[in-house]
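Per chain, numbering begins at 1; letters A, B, ... match sequence-line order.
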There are 4 protein chains.
Amino acid sequence: MLAKRTEAADDRRRQILEAAVVCFAEHGFHQTSMHDISAEAGISVGFIYRYFKNKDEVIAALAAGHKKEIAQLLERARQAPTLLESFEILFTSHCTEDAPRLISSFVVDLFAEAGRNPKVARLVRDVVRTKTRGVTDLIARSPDSKHRLNGLPPNQIAEMIFAINDGTLMRSVLAPARMSSAQQRKRQLDVARTLWQLLFKAKKRPAYA
Amino acid sequence: MLAKRTEAADDRRRQILEAAVVCFAEHGFHQTSMHDISAEAGISVGFIYRYFKNKDEVIAALAAGHKKEIAQLLERARQAPTLLESFEILFTSHCTEDAPRLISSFVVDLFAEAGRNPKVARLVRDVVRTKTRGVTDLIARSPDSKHRLNGLPPNQIAEMIFAINDGTLMRSVLAPARMSSAQQRKRQLDVARTLWQLLFKAKKRPAYA
Amino acid sequence: MLAKRTEAADDRRRQILEAAVVCFAEHGFHQTSMHDISAEAGISVGFIYRYFKNKDEVIAALAAGHKKEIAQLLERARQAPTLLESFEILFTSHCTEDAPRLISSFVVDLFAEAGRNPKVARLVRDVVRTKTRGVTDLIARSPDSKHRLNGLPPNQIAEMIFAINDGTLMRSVLAPARMSSAQQRKRQLDVARTLWQLLFKAKKRPAYA
Amino acid sequence: MLAKRTEAADDRRRQILEAAVVCFAEHGFHQTSMHDISAEAGISVGFIYRYFKNKDEVIAALAAGHKKEIAQLLERARQAPTLLESFEILFTSHCTEDAPRLISSFVVDLFAEAGRNPKVARLVRDVVRTKTRGVTDLIARSPDSKHRLNGLPPNQIAEMIFAINDGTLMRSVLAPARMSSAQQRKRQLDVARTLWQLLFKAKKRPAYA
DNA sequence: CATGAATGAGATTTCATTCAT
DNA sequence: AATGAATGAAATCTCATTCAT
């Protein structure tokens with residue numbers, strides 16, 4: 001019997017999930033044992049099973065958490081005063097943490113898992129959809145994008161933004177361990193600005209001859 | 001004692017690796033057992049060990065194979081008559097196979113694994129470097145890019161191309177199983193052309209005002 | 001993660017080691033499977049690993065136990081009222097158990113293992129040193145040995161005693177299964193007395209001629 | 001079908017057995033694979049099976065070889081001009097080889113194996129019997145032993161000699177690898193002479209008071 | 001004859017999960 | 001509630017043995 005969803009229970013859940021994400025990011029889902037998680041959380045193994053039916057549910061819960069974080073990220077991006085700033089927020093999302101590699105490792109593993117675990121796939125697909133829609137909206141509403149974008153529709157731009165975003169995330173698992181959060185953040189800002197320039201600053205480029 | 005590298009042995013190796021990539025793509029590295037691979041390859045478990053020291057070596061061999069394929073892909077892209085065609089080749093690489101999801105699942109898992117397994121990380125990092133350099137070169141040499149690119153240097157463009165490429169690949173693991181290779185290919189071509197338009201067709205757009 | 005060293009845990013350890021020594025004596029270290037041990041102990045295989053890191057650690061623990069037993073044996077020998085009685089204790093040590101062949105088989109295998117496993121070698125070497133020193137002391141302190149011993153120094157005598165002791169032990173693995181503990185004990189006492197006679201009773205023999 | 005016992009076949013057998021004893025001494029019977037033996041002998045695995053039905057037969061053949069060697073050793077001891085020299089030959093038998101640890105490791109393992117493998121047990125028991133009888137004879141015929149031996153019967157002396165011999169052999173597996181054959185030989189000679197002194201030189205010791 | 005490719009049973013070890021306390 | 005002892009299925013890897021070439 002799983003524990004009821006009281007506030008205290010939610011705290012427990014969070015505690016377990018926080019430990020889990022650390023382990024998962026470091027060793028991957030399937031090389032992390034339940035014991036690893038319990039040790040990281042400072043609780044007993046059996047305890048985890050009071051709050052999660054099994055290991056897959058822990059993964060699923062984390063995927064759900066990821067979905068929520070993405071929703072919050074979108075919200076923050078939406079409230080930025082300019083579109084460039086929105087982009088900057090989106091592109092550096094996984095660098096604001098004190099452990100950027102942790103997040104990216106986890107997310108890449110999540111996608112890998114989605115490739116085979118239908119439950120995870122459904123959630124991740126949902127995240128992707130939410131992200132794309134949110135950013136499409138963001139672009140469409142921006143006064144910046146009135147006449148520009150090289151004639152591309154907002155949703156195509158949005159897809160490209162996320163392709164770039166996911167692509168750099170995927171690659172960031174290769175970043176040497178010594179690379180600081182700040183350094184990674186800087187790299188990501190560069191990418192955001194490059195894209196920005198491509199999309200909106202074309203005119204500024206001196207017309208060739 | 002591993003088998004010597006005769007031609008017959010190389011055939012066996014290939015046979016095993018082909019089976020392994022199918023299993024890995026379907027279930028991930030760590031949820032594929034050596035028995036799964038042997039069953040898929042139609043041989044006995046022990047036999048795999050005559051050709052690969054252990055499971056990690058199978059993964060590493062596959063990663064090395066990936067590296068070689070990327071090198072060939074670059075070569076093909078290099079020989080395309082126009083830069084746009086080069087782009088199209090690069091962006092649809094994983095769709096030409098009869099099993100596009102297989103390839104992408106494998107590659108995403110490979111990146112996830114690179115986040116923890118240093119041997120794999122080294123190989124993947126190598127692949128990334130080769131890719132980026134190759135495409136940087138491709139762009140720099142192209143007559144198309146003489147005065148355009150919105151003032152961005154070729155290597156920054158190259159990085160962006162691959163970010164997009166990897167990003168779409170990462171996302172493609174979510175593609176519903178029923179999506180055909182042709183459909184995916186079409187999507188990828190769209191992305192390639194969007195990027196192309198962004199990079200090189202800007203001038204064509206009537207300057208607002 | 002190994003279980004902590006509580007009293008209950010120590011009981012478990014003992015239970016496992018007792019089962020292990022039975023199996024090892026009967027089939028040797030390398031022909032005893034972990035499953036054999038678990039079956040003999042009446043527990044599950046995996047459970048052994050909560051108490052011992054691996055099979056080698058089981059062997060090492062048993063070797064350590066042997067060391068302790070030898071130390072106790074020496075103590076008992078030391079407290080015997082006469083040197084002859086000390087000898088008798090030393091020579092019959094492995095016969096007092098209800099399973100003399102068990103002990104000898106185990107010890108011979110332990111020496112065989114010491115020839116290749118450095119960890120075991122270190123322990124066995126330690127046992128040998130302790131034994132030799134202890135008996136050297138025993139002899140040196142004995143009033144019996146004041147002027148006799150055929151002019152041989154105590155440590156040479158001690159070495160010989162243990163050579164004989166180990167030699168008979170080594171041979172005792174050949175004793176037919178039906179040979180009772182009592183019979184073996186009697187044989188060993190004969191050896192002890194023969195040695196004693198050789199060392200100390202020489203004078204009583206009528207000088208030839 | 002095993003190969004017939006022609007002279008050429010016997011050569012093959014010897015070649016295999018020589019390789020086997022090296023492997024067995026180094027790693028023990030049950031940690032030596034048939035492949036190890038074939039590699040050491042420079043032949044194929046399958047080839048071994050033409051000359052020996054299985055691994056156990058290889059061990060048995062080696063045990064039989066040991067028996068023959070012991071018979072030859074006894075013959076040499078018998079032909080020595082004095083009893084002391086006979087002793088010296090017996091005690092240093094395993095040191096004359098260029099690999100003393102090899103022989104002792106093998107013999108100790110052989111005894112361990114005898115504790116469980118009845119076929120081996122029978123052979124080893126036979127060896128022990130042959131040895132004891134031979135030496136009993138040796139002593140009984142020696143003019144040295146006419147009136148001495150502290151009143152002990154020759155067969156008891158013989159048993160003791162072999163106990164010592166086996167005991168030192170058993171212990172010699174602990175000799176550090178760097179100990180040379182010559183050093184070990186010297187040690188063994190010391191033991192032989194100590195025993196000799198004990199048995200026959202008692203008279204020389206000044207009778208105390 | 002001789003080889004070594006091929007097998008598959010079996011060994012060691014791990015780990016998700018349960019349950020008595 | 002919370003623990004962690006206990007299980008046993010399953011994974012990785014080895015190796016004696018066979019047999020087609």
N or O in side chain of A:Y49 less than 4.0 angstrom from E:dT17 OP1/OP2: yes
Under 4.0 angstrom between A:R12 side-chain N/O and F:dA1 OP1 or OP2: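 Indeed not, no polar side-chain atom of A:R12 lies that close.
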Considering heavy-atom distances to DNA chain E, does C:N54 or A:H35 have its closest nucleotide positioned more toward the 5' end? C:N54
Measure [atom1]/[X] against [atom2]/[N] and give the value in whole Å, please.
| X | N | atom1 | atom2 | answer |
| --- | --- | --- | --- | --- |
| B:H27 | F:dA10 | NE2 | P | 15 Å |
| B:H30 | E:dA16 | NE2 | P | 13 Å |
| C:D36 | E:dG10 | CG | C1' | 11 Å |
| D:R50 | F:dC19 | CZ | C1' | 13 Å |
| A:F47 | E:dT21 | CZ | P | 22 Å |
| C:K53 | E:dT13 | NZ | P | 9 Å |
| C:K55 | F:dT14 | NZ | C1' | 13 Å |
| C:L2 | E:dT13 | CG | P | 12 Å |

I want to check a possible cation-pi pair here: D:R12 against D:F47, using under 6.0 Å from ring centre and within 45° of the ring axis as the test.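 Ring-cation test returns no.
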Within the supplied structure, the quantity of interest is the number of heavy atoms (other residues, nucleotides, ligands) at a distance under 6.0 Å from C:H35 NE2; does it exceed 12?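 Atom NE2 in C:H35 is not packed in, count stays at 12 or less.
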Most 5' of B:M34 and C:Y51 on DNA chain F, judged by nearest nucleotide: C:Y51
Select from C:G46 and B:T32 the residue whose nearest nucleotide in DNA chain F is closer to the 5' end of that strand.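 Final value for this comparison: C:G46.
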Please examine the side chains of A:R50 and A:L2, heavy atoms only from C-beta on, and report whether any two atoms are closer than 4.5 Å.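 No, side chains not in contact.
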Side-chain touch D:R116/C:E26, heavy atoms, less than 4.5 angstrom: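 A side-chain contact under 4.5 Å is absent here.
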So which nucleotide from E:dT12, F:dA2, F:dC15 ends up closest to the side chain of D:S33?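 Output: F:dC15.
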Minimum-distance nucleotide (side-chain atoms of D:V45 versus F:dG8, E:dG4, F:dG4): E:dG4
Paired with F:dA10 by Watson-Crick or G-U wobble geometry, both distances under 3.5 Å: which nucleotide is it?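 Across any shown strand, F:dA10 pairs with E:dT13.
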Base partner of E:dA2, which must satisfy Watson-Crick or wobble distances under 3.5 Å: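 Base-paired to F:dT21.
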Answer with yes or no after comparing the ring centroid distance for A:F29 and A:F24 against a 6.0 Å cut-off, counting only values under it. yes
